[in-house]
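This structure is a prediction, so every number in the text was calculated from the model and none was measured. Values reported hereafter were calculated over all heavy atoms of this structure, with side chains retained and with hydrogens, waters and symmetry mates removed. Residue numbers start from 1 in every chain, and the chains themselves are labelled A, B, ... in the order their sequence lines are given, proteins ahead of strands.
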Amino acid sequence: MNLHVYNTLTKSKEEFVPLEPGRVKLYVCGITAYDYCHIGHARSAIVFDVIYRYLLYLGYEVVYVRNFTDVDDKIIRRANEEGVDYHTIVDRYIRAFYEDMDALGVLRPSFEPLATENIPQMIEVIRILIDKGIAYKAGSDVYFQVDRFPGYGKLSGRHLEDMMAGARVEVDANKKNPLDFVLWKGSKPGEPAWDSPWGPGRPGWHIECSAMGNRYLGATFDIHGGGKDLIFPHHENEIAQSEAAFDQPFVRYWLHNGFVNINNEKMSKSLGNFFIIRDVLKTVHPEALRLFVLSKHYRSPVDYSDETIAEAERGLEKLYSTFGSLLDRSPETAESVIDDKGLRSQDPELYEEISNLPAEFHEAMNNDFNTAQAIGYLFGLQRNLQRFLDRFGAKNLKGQAAALARKGGSLLRTYAGILGLLTRSPDDFFEELKDLKLKAIGLTKEEVERLIDMRNEARKTKDFSAADQVRLDLKEKGIQLEDTPRGTRWRVIL
RNA sequence: GGCGGCAUACCCAAGUGGUAAGGGAGCGGUCUGCAAAACCGUUAUUCACCGGUUCAAAUCCGGUUGCCGCCUCCA
């Protein structure tokens, strides 16, 4: 099966066929830079990062655009609260955004335009809409007249009449219809302003995506993504603006990710129940957050809790642990002795698992990016690899056995890598994890290792009660010991 | 009020017509000085409930209940 994606516009799964063969135009709504990002932003970023990585893996050339909204009411309000220029706010939070995204291993898109660097493009779109009689000036603002665009409501499945009846729309004397939305907003004194044919002002929120998308991707994008909450009004309005202005279909496939919930309720600024990424990463490994997000289908809601994130972290440790012992115990083998028959004879079940993984992984990902299922297959391979290693006890693997293990390991890393997982060396991963957790429980590596040395001295003299006491003390502090043939290893359990 | 989504074991979770993936946790075993980790075995005749279609339904249709989201800034 080729790649199929769920399209919000048609409410069904469709085969993905880009407009131009081999080339995908991808646009994802970025952030408004007025605050730190929370894990809902992280989910969206991770989900579309994986979609981007998978499209690249499939061999597409991907032009990926993700914008920054760097002028808007919330930014201005924040700047006023702090008594600083709005640039100060924007710079601070864009920098923080990059820190968070880099920590999470989210790849940079091809283009990351700022709204304020594309004002002329926006003015041009608004001018076209006014010329066509679809937008109108009222007071110092310019509005889009929704009843002049016949398809209005097609993405969110609403009808103008229903929305009117809903009556939750704010009344504005300037608007011909309460659902009309602002394209250009006249500035009050002291607010950031740009010159325009309609007087000094700033762009409305929706117009930036239409203008910047058109600039970097042309009139029609293959994929446009964002959180489910953007479907209405943001994406509905983008469609109206772009299709009314350019007379071409705006987007072929609309993809929307589900929310992160806390106690089964949407995490949001207004409810105040949100966790910002940088706080979470003080105690949770970034790849664990990734695994957590990708363990569920991207369109479903996910409930975030200490328990669910800890489960993800344990799973990640398991993957790295197997991968690590595999690297330690399967030295490079002379190429001459490797052949498929020989490999298979080492362990037919593992050999099958290895042979099947690529097809299984593709099948899962081609089914609307079913990362949860793909991860299930990765764990299947991990278990078979670990079982194979265990058959050799503490001994290193040799010859064909080592070759088979290495083959499995490299496959595991390749496919996990498409999900942005197993991107570190196991040693680095466990070091990072230790540093993170030690900081959280307030111990240093030196203290722990000193106690472990003491215990091992006691063990040498067979003073097991003293040794066990040290182990118990450490366990109470959150340090779990593991005696291995290569010495005592330890990890922090929270 | 309008529109939409979800309900699978102790917990998380995949599965959208062919007879219940995977992870966590628990229990029994192997290994270990003892542990831990790991491995093996085990934990849903059953998929919120009631009807219907079908040779066959967790999957399709109708109804009921419960939860959630959008309609206002929101990933």
(message) Whether A:Lys266 contacts B:rC70 is assessed here as follows: a side-chain N or O lying under 4.0 Å from the phosphate OP1 or OP2. Is that the case?
(response) yes
For this session: Looking at every strand, decide which applies to A:Gly40 at a 4.0 Å heavy-atom threshold: base, sugar-phosphate, or nothing.
Result: base
Next on the checklist: Suppose you measure atom C1' in B:rA14 against the same atom in B:rA58; what distance do you get, rounded to whole Å?
Outcome noted: 12 Å
Point to revise | Same-atom distance (P) from B:rC49 to B:rU8, integer angstrom | key: 10 Å
- Query: Does A:Asn261 put a side-chain nitrogen or oxygen below 4.0 Å from OP1 or OP2 of B:rC68?
  - Reply: no
(request) Look at all strands and tell whether A:Gln480 reaches a base, only sugar-phosphate, or nothing, counting heavy atoms closer than 4.0 Å. (result) sugar-phosphate
Comparing nearest nucleotides in RNA chain B, the 5'-proximal residue of the pair A:Glu307, A:His206 is A:Glu307
**Asked** What nucleic acid atoms does A:Gly393 come within less than 4.0 Å of, heavy atoms only: base, sugar-phosphate, or nothing?
**Response** nothing
- Would you please classify the geometry between the A:Tyr320 ring and the A:Phe429 ring as parallel, tilted or perpendicular, with 30° and 60° separating the classes? parallel
- Message: I'd like the C1' distance from B:rU43 over to B:rG33, given in whole Å.
- Response: 32 Å
Any donor-acceptor N/O pair under 3.5 Å between B:rG23 base and A:Arg314 side chain
no
The nucleotide from B:rG33, B:rC12, B:rA38 with an atom nearest the side chain of A:Asp468 is B:rG33
Practice item. For A:Thr322, report the nucleic acid contact type (base, sugar-phosphate, nothing); a contact means any heavy atom under 4.0 Å. Key: nothing
Of B:rC40, B:rG15, B:rG69, the nucleotide closest to the side chain of A:Asn367 is B:rG15
Picking from B:rA75, B:rA35, B:rA14, the nucleotide nearest the side-chain atoms of A:Asn370 would be B:rA14
Atom CD1 of A:Ile277 and atom P of B:rA75 are separated, to the nearest Å, by 11 Å
Ignoring hydrogens and geometry beyond distance, is the side chain of A:Arg471 in donor-acceptor contact with the base of B:rA35 at under 3.5 Å? yes
Residues A:Asp72 and A:Arg202 bridged, charged N to O under 4.0 Å
no
Here the distance between atom C1' of B:rA75 and atom CE of A:Met267, to the nearest Å, is 8 Å
Checklist entry - A:Val260 near the nucleic acid: base, sugar-phosphate alone, or nothing, with a heavy-atom cut-off under 4.0 Å? => result base
Picking from B:rC12, B:rA36, B:rA25, the nucleotide nearest the side-chain atoms of A:Lys296 would be B:rC12
- Query: Is a donor-acceptor contact shorter than 3.5 angstrom present between the side chain of A:Gln373 and the base of B:rG15?
  - Reply: no
| Atom C1', compared across B:rA20 and B:rG2: separation rounded to whole Å | 38 Å
*A:His234 vs A:His206 aromatic rings, parallel, tilted or perpendicular, using cut-offs 30° and 60°?*
tilted
The Watson-Crick or G-U wobble partner of B:rA57, with both key distances under 3.5 Å, is none
Mind telling me whether A:His38 and A:Phe274 have parallel, tilted or perpendicular rings, with 30° and 60° as the class edges? tilted
Paired to B:rG62 by Watson-Crick or G-U wobble criteria (both distances under 3.5 Å) is B:rC50
When rounded to whole Å, the NE2 to C1' distance for the pair A:His297 and B:rG22 reads 17 Å
Using 30° and 60° as the class boundaries, would you call the ring planes of A:Tyr253 and A:Phe16 parallel, tilted or perpendicular? tilted
Partner of B:rC67 under the Watson-Crick or G-U wobble criteria, both distances under 3.5 Å, comes out as B:rG5
Between A:Arg391 and B:rC39, is there a contact of a side-chain N or O with OP1 or OP2 at under 4.0 Å? no
Side-chain atoms of A:Phe464 come closest, of B:rA36, B:rG2, B:rG33, to B:rG33
Ranking B:rA14, B:rA37, B:rC68 by distance to the side chain of A:Asn264, first place goes to B:rC68
Indicate yes or no: does A:Glu457 engage A:Lys460 in a salt bridge with an N to O separation below 4.0 Å.
-> yes
- Task: Assign the ring pair A:His362 / A:Tyr415 to parallel, tilted or perpendicular, where the plane angle (0 to 90°) is split at 30° and 60°.
- Result: perpendicular
Using a heavy-atom cut-off of under 4.0 Å over every strand shown, decide if A:Gly380 touches base, sugar-phosphate, or nothing.
nothing
Handout entry: Distance test, side-chain N/O of A:Lys318 to OP1/OP2 of B:rG24, below 4.0 Å
Key = yes
Side-chain atoms of A:Lys11 come closest, of B:rG4, B:rA36, B:rC40, to B:rG4
Scanning all shown strands, the Watson-Crick or wobble mate of B:rC39 with both distances under 3.5 Å is B:rG29
Query - Base B:rC39 paired with A:Arg383 side chain (donor-acceptor, <3.5 Å) - result: no
Check: For the residue pair A:Tyr152 and A:Phe181, does the interplanar ring angle fall in the parallel (under 30°), tilted (30 to 60°) or perpendicular (over 60°) class?
Finding: parallel
Between A:Tyr377 and A:Ser268, whichever has its closest RNA chain B nucleotide further toward 5' is A:Tyr377
Problem - B:rC61 versus B:rA57 - spacing of their P atoms, nearest Å - result: 15 Å
In whole angstrom, give me the gap between the C1' atoms of B:rC73 and B:rG66. 30 Å
Inter-nucleotide C1' distance (B:rA36, B:rU45), Å rounded
37 Å
Reckon A:Asp73 touches a base, only the sugar-phosphate, or nothing at all at heavy-atom distances under 4.0 Å? nothing
Rounded to whole Å, the CD1-C1' distance (A:Ile231 to B:rG4) equals 9 Å
For B:rA75, the nucleotide meeting Watson-Crick or G-U wobble distances (both under 3.5 Å) is none
Euclidean distance for C1', B:rU16 against B:rC10 (whole angstrom): 27 Å
| said: Check this for me, if you would: do A:Asp35 and A:Lys74 make a salt bridge, where the nitrogen-to-carboxylate-oxygen distance has to be below 4.0 angstrom? | reply: no
From CD1 of A:Ile39 across to P of B:rA75 the rounded distance in Å is 14 Å
> Counting any heavy atom closer than 4.0 Å, what does A:Arg455 reach on the DNA or RNA strands: base, sugar-phosphate only, or nothing?
Replying inline: base
* Asked: Counting only N and O atoms by type, is there a donor-acceptor contact under 3.5 Å from the side chain of A:Gln373 to the main-chain atoms of A:Asn370?
  -> no
To the nearest angstrom, the CD-P distance between A:Glu311 and B:rG26 comes to 11 Å
Regarding the side chain of A:Gln386, the nearest nucleotide among B:rC11, B:rA38, B:rG69 is B:rA38
With the side chain defined as heavy atoms from C-beta on, A:Phe379 is closest, among B:rG33, B:rA38, B:rG23, to B:rG23
Of the candidates B:rA37, B:rC73, B:rA35, the side chain of A:Arg491 sits closest to B:rA37
note: A:Asn67, atom CG; B:rA75, atom P; distance rounded to Å ~ 11 Å
Open item on the list: Going by centres under 5.5 angstrom and planes under 30 degrees, do the aromatic ring of A:Phe259 and the base ring of B:rG69 stack?
Closed with: no
note: A:Leu291, atom CG; B:rA13, atom C1'; distance rounded to Å ~ 12 Å
(message) Mind checking if A:Arg299 touches a base, just sugar-phosphate, or nothing, with heavy atoms under 4.0 Å?
(response) nothing
